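It should be emphasised that the depicted structure is a prediction, and the values quoted were computed from it without experimental measurement. Convention: sequence-line order gives letters A, B, ...; per-chain numbering from 1.
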Amino acid sequence: MSYSVCIASASPRVHSNSASIAEFIRQALVRNDVEADILNLERRWDMTGAAEEIGNADLLILVSPLYHDTLSWSATALLEEISMSSCSMKQFAAVVHSGYPEGAQRETALEICRCFADMHQMRWLGAVSPGLTSVIGGIELQKSGSMFKNLRYCLEQAAAFWAKGEEVPEEVTNNSQRPPMSPRLLKLMGNMSIRRNARKKGLDILRKPYG
Amino acid sequence: MYAYIIDGLKEPHSLVTGCLSDMLSNRSWTSETLTVRETSLHPCIGCGGCSERTVGECTVKDDGSEIAAHVARCRLFVLISDVTFGGYSSLAKRALERTLPNILPFFTMFQGELHHRLRYENRPPMLFLGVLPQPDKRQESLFASLAERNGINFMARNVSLIFTPESDAGEMKSRLERAVEELTEGQS
């Protein structure tokens with residue numbers, strides 16, 4: 001029987017950055033002669049049956065955005081559903097990404113993934129943990145320009161290990177955490193762009209409806 | 001003083017609610033509790049509307065619409081959750097995510113990291129109460145780390161406590177008292 005992989009894109013958003021990353025990993029796995037299915041959780045509010053959809057995949061790769069310093073609701077609900085099912089999956093890996101550039105902000109979420117794997121006697125196959133992913137804007141990662149060159153490289157490397165059922169080395173995880181832009185520069189550019197957008201749309205962005 | 005409590009537990013937990021109600025009545029505080037399991041509450045849909053279409057307000061109209069308002073006004077914010085894999089349960093998480101309208105799109109540096117600025121000056125101290133079916137050092141420590149991370153993101157004082165079936169009621173009550181004392185020190 002061939003090695004099968006399921007990639008869960010655990011963002012509630014339509015055209016999400018998680019979906020872009022998931023599709024990139026799928027293509028990278030294909031280049032390594034491994035077929036993978038994507039379980040897209042966009043706009044999915046009930047995880048009943050999700051574990052069955054993962055089926056008998058040998059490896060689940062969870063791609064989750066960071067919401068409130070941890071996995072998204074979609075990712076958490078999916079893991080709870082798997083936990084209650086008789087899912088036979090034996091290996092687990094994760095891509096936790098966020099708009100914040102610093103890797104430290106995603107460490108707890110990655111630890112939660114590791115904890116999930118250990119609690120269910122799944123082999124942990126490591127993680128990729130990029131920042132600044134909000135800039136991807138939901139487009140194909142392949143077309144996301146030079147800012148995400150390192151992310152594409154890290155995902156290619158990770159996919160090669162995952163295709164062989166091997167753990168992603170720590171160097172790859174650490175490299176993926178390298179911010180493509182310094183936090184201070186991002187603050188400056190981000191705030192300028194937010195102000196410009198608010199002016200253009202006539203938004204009172206500092207509005208305080210609750211006092 | 002006003003405390004806002006989100007009860008994200010799958011089932012009622014008499015020790016947690018007992019400790020909390022004693023703590024509140026000892027201080028003559030008012031409080032409001034959102035019991036997530038009894039509501040129809042949608043998780044955040046990630047639409048970004050709270051920073052554009054309905055600035056500062058959630059676009060989803062359901063039992064969670066008022067969460068951001070309560071958090072903006074309260075003087076103590078309590079999140080109660082079953083601990084799942086060291087983190088919050090999906091039930092608690094769906095309520096927590098609805099506080100997003102209180103975060104501005106603008107960035108700032110805080111404790112050496114990039115964070116979003118907050119919409120309100122009021123930064124209620126945060127008390128995170130986790131419930132585990134049995135003691136588990138790894139999950140307890142992860143829960144504490146997550147609470148601390150949330151505290152940084154909300155730029156608020158924070159404390160987490162874990163309840164297990166082995167927790168002694170008297171000890172938990174006094175730990176909760178000490179935690180709230182520490183969190184609200186200096187508040188009038």
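B:Phe154 touches chain A through its side chain: at least one heavy atom from C-beta onward sits under 4.5 Å away, while N, CA, C and O do not. Contacts between A:Leu79 and chain B at a heavy-atom distance below 4.5 Å involve backbone atoms as well as side-chain atoms. Within the 4.5 angstrom heavy-atom criterion, no atom of A:Leu188 approaches chain B. Heavy atoms closer than 4.5 Å to chain B are found in both the backbone and the side chain of A:Ile112.
No more than 12 heavy atoms of other residues, nucleotides or ligands shown are found within 6.0 angstrom of CE on A:Met189. Heavy-atom neighbours of B:Phe110 CZ from other residues, nucleotides or ligands within 6.0 Å: above the threshold of 12.
For chain A, the option among B:Gly48, B:Cys47, B:Ala72, B:Ala68 with the highest count of heavy-atom pairs below 4.5 Å is B:Ala68. By number of non-hydrogen pairs under 4.5 angstrom with chain A, the leading residue of B:Leu104, B:Leu100, B:Leu96 is B:Leu96. The candidate with the highest count of non-hydrogen atom pairs below 4.5 Å against chain B, out of A:Pro65, A:Gly99, A:Ala104, A:Pro209, is A:Pro209. No other option in B:Cys44, B:Ala69, B:Gly86 has as many heavy-atom pairs under 4.5 Å with chain A as B:Ala69.
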Chain A and chain B: which donor-acceptor pairs fall below 3.5 Å?
unit_1   : atom_1 : unit_2   : atom_2 : d
A:Arg13  : NE     : B:Gly46  : O      : 3.0
A:Arg43  : NH1    : B:Ile45  : O      : 3.0
A:Trp45  : NE1    : B:His42  : NE2    : 3.4
A:Tyr67  : O      : B:Lys93  : NZ     : 2.9
A:His68  : O      : B:Asn150 : ND2    : 3.0
A:His68  : NE2    : B:Leu96  : O      : 3.4
A:His68  : NE2    : B:Thr99  : OG1    : 3.0
A:Asp69  : OD1    : B:Asn153 : ND2    : 2.9
A:Asp69  : OD2    : B:Asn150 : ND2    : 2.7
A:Asp69  : OD2    : B:Asn153 : ND2    : 2.9
A:Leu71  : O      : B:Lys93  : NZ     : 2.7
A:Trp73  : N      : B:Glu97  : OE2    : 2.9
A:Trp73  : NE1    : B:Ser90  : O      : 3.2
A:Glu80  : OE1    : B:Ser90  : OG     : 2.5
A:Glu80  : OE2    : B:Ser90  : N      : 2.8
A:Tyr100 : OH     : B:His116 : N      : 3.3
A:Tyr100 : OH     : B:Asn153 : OD1    : 3.4
A:Glu102 : OE2    : B:Leu114 : N      : 2.7
A:Gln105 : NE2    : B:Leu114 : O      : 2.8
A:Asp118 : OD2    : B:Arg138 : NH1    : 2.6
A:Asp118 : OD2    : B:Arg138 : NH2    : 3.1
A:Asn191 : OD1    : B:Phe107 : N      : 2.7
A:Asn191 : ND2    : B:Phe107 : O      : 3.1
A:Asn197 : ND2    : B:Glu52  : OE2    : 2.8
A:Lys201 : NZ     : B:Glu52  : OE1    : 3.0
A:Lys201 : NZ     : B:Glu52  : OE2    : 3.3
A:Ile205 : O      : B:Arg119 : NH1    : 3.0
A:Arg207 : O      : B:Arg119 : NH1    : 2.7
A:Arg207 : NH1    : B:Val55  : O      : 2.4
A:Arg207 : NH1    : B:Glu57  : OE2    : 3.0
A:Arg207 : NH2    : B:Glu57  : OE2    : 2.7
A:Lys208 : NZ     : B:Glu121 : OE2    : 2.9
A:Tyr210 : N      : B:Tyr120 : OH     : 3.1

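The CZ atom of B:Phe106 sits 5.0 Å away from the CD1 atom of A:Ile205 when rounded to the nearest 0.5 Å.
Applying the salt bridge (Lys or Arg N to Asp or Glu O under 4.0 Å) test to A:Glu140 and every residue at least two apart in sequence or in another chain returns A:Lys143.
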